[in-house]
Amino acid sequence: MTELLNNKKVILSGVQPSGNLTIGHLTGALSQWRQMQEEYDCFYMIADLHSLTIRQEAKVLREKTLDTLAMYIACGINPDISTLFVQSHNPYHSQLQWILNCYTGFGECSKMTQFKDKSQSHSDNINVGLFAYPILQAADILLYQADLVPVGEDQKQHLELTRNIAQRFNHYYSDTFKVPEPFIPKVGAKIMALQEPTKKMSKTDVNEKNTIFLTDTNEQIINKIKRSVTDSGADIRISDEKPGITNLITLYSIASEKTLKEVEETFVGSNYGDLKKAVGEKIVEYISPIRNSFFDLKKNKDYLMQIITTGAEKSSNVAFKTLRKVQKKVGLLPIK
Ligand code: TRP
């Protein structure tokens with residue numbers, strides 16, 4: 001509703017509450033989300049329904065849902081400005097999804113690379129939810145008439161599908177959905193796994209030494225950096241042949257807000273030990289205020305519940321308008 005009162009563009013994005021958030025989420029998503037709050041009308045969701053496509057332990061999922069919310073706030077997402085909500089608290093996501101299911105081709109979903117990858121890594125549970133995952137994501141986005149969707153490179157294909165569904169529906173009926181644009185942050189720097197610096201750092205990596213979580217203690221951060229895999233040779237520079245050192249330089253550059261070049265210059269003449277020590281300290285400086293704020297927020301469950309209760313109401317009001325239009329166009333009979 002607020003977005004109808006002002007001319008701000010609308011943003012919607014979300015993260016699944018499976019696993020703990022990492023330094024990669026902060027640099028790749030949450031810090032952009034934070035910066036976008038003033039300029040756009042932002043809806044930031046916790047995609048709990050999407051998490052059900054992989055087996056979850058009920059108690060853990062509930063806990064992670066609140067943890068994800070606390071982490072959004074700890075990273076600077078302001079609930080007084082942005083709408084923070086839990087996907088399953090707004091029934092219209094599932095309702096719109098059902099309708100969109102009927103406007104999406106079986107072939108379109110089967111060619112999604114994420115579906116193919118997840119079918120491989122979870123071959124014992126290739127459920128229909130996993131197949132329809134991107135259609136629920138389309139419903140998430142289209143309900144809010146979002147202009148922009150900040151996502152990582154890996155979600156581009158889902159955005160493309162969302163655009164196709166929206167255009168198809170608009171063409172078949174009349175203008176109903178805003179056709180959203182993906183917003184892929186320019187921050188090119190990919191953060192790699194600390195023990196295997198040729199693969200991406202991930203929140204679900206079985207080896208915890210590979211990942212810096214936003215909840216890690218200072219000691220854990222320093223130790224993980226100290227034990228990170230480096231390369232042969234002794235010079236500190238960015239190079240494809242030096243993935244470990246390149247990754248440490250990248251981490252330092254993110255945590256210090258310096259360019260990669262400036263960081264390289266800082267460490268001319270230093271050895272790997274000096275670099276690791278400095279990177280560990282910088283990351284501690286970068287993450288510890290967020291971690292402290294996260295643990296403070298976690299103690300205040302009433303406050304968190306109050307935010308998502310308001311979020312459920314606000315998001316439902318906006319989403320219902322779109323759903324109602326869609327229901328009318330496809331011929332569902334209203335009761336009043
Ligand atoms: N699929 C997204 C991810 O795993 C999470 C997500 C669900 C999402 N719904 C969304 C992201 C809507 C952007 C918009 O990263």
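Note that the numbering runs from 1 along the sequence shown for the chain. Numbering of ligands and ligand atoms starts at 1, following listing order.
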Out of Q114, Q155, Q87, H25, whose heavy atom sits nearest atom 2 (C) of ligand 1?
->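 Looking at heavy atoms only, the winner is Q155.
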
Residue-level breakdown please: for [X] versus ligand 1, do any non-hydrogen atoms fall below 4.0 Å on the side chain, on the backbone, on both, or on neither?
X	result
H158	neither
D154	neither
I141	side chain

Atoms of ligand 1 close to [X] [distance to a heavy atom under 4.0 angstrom, numbered from 1]:
X	result
V149	13 (C), 14 (C)
L12	12 (C), 14 (C)
G14	5 (C), 6 (C), 8 (C), 11 (C), 13 (C)
V151	11 (C), 13 (C)
H50	7 (C), 9 (N)
A47	7 (C)
Q16	4 (O)

So, are [X] and [Y] salt-bridged, with charged N and O less than 4.0 Å apart?
X	Y	answer
D67	K298	yes
R237	E265	no
E181	R163	yes

Distance to 0.1 Å, residue and atom name: give those for the protein heavy atom nearest to atom 8 (C) of ligand 1.
->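 Closest protein heavy atom to atom 8 (C) of ligand 1: Q137 NE2, 3.6 Å.
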
Protein heavy-atom partner closest to atom 4 (O) of ligand 1 - residue, atom, separation in Å |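 Its nearest protein heavy-atom neighbour is Y133 OH, 3.2 Å.
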
Please determine, by modelled atom types, if T266 and K258 share a side-chain donor-acceptor pair under 3.5 angstrom.
->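 Their side chains do not contain a donor-acceptor pair, so the 3.5 Å distance test is not met.
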
Does any N/O atom on D140 come nearer than 3.5 Å to any N/O atom on ligand 1?
->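 For ligand 1, there is an N or O atom that lies under 3.5 Å from one belonging to D140.
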
Smallest separation among heavy atoms of T176 and N170, with atom names =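 Closest approach of T176 to N170, heavy atoms only: N-OD1, 2.9 Å.
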
Has the side chain of S88 got a donor or acceptor atom that lies under 3.5 Å from a matching backbone atom of D48?
->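 Such a contact is absent between S88 side chain and D48 backbone.
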
Derivation of the side chain to side chain contact (heavy atoms under 4.5 Å, CB included) call for D216 and R291 = CA-CA 8 Å; D216 280 348; R291 180 193 58 223; 5.7 Å; no

Criterion ring pair (Phe, Tyr, Trp, His ring centres under 6.0 Å) on F115 and Y133, from CA distance to verdict | CA-CA 8 Å; F115 170 66; Y133 181 114; over 10 Å; no

What do you reckon, are the aromatic ring centroids of Y252 and F267 less than 6.0 Å apart?
->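 Y252 vs F267: aromatic centres under 6.0 Å.
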
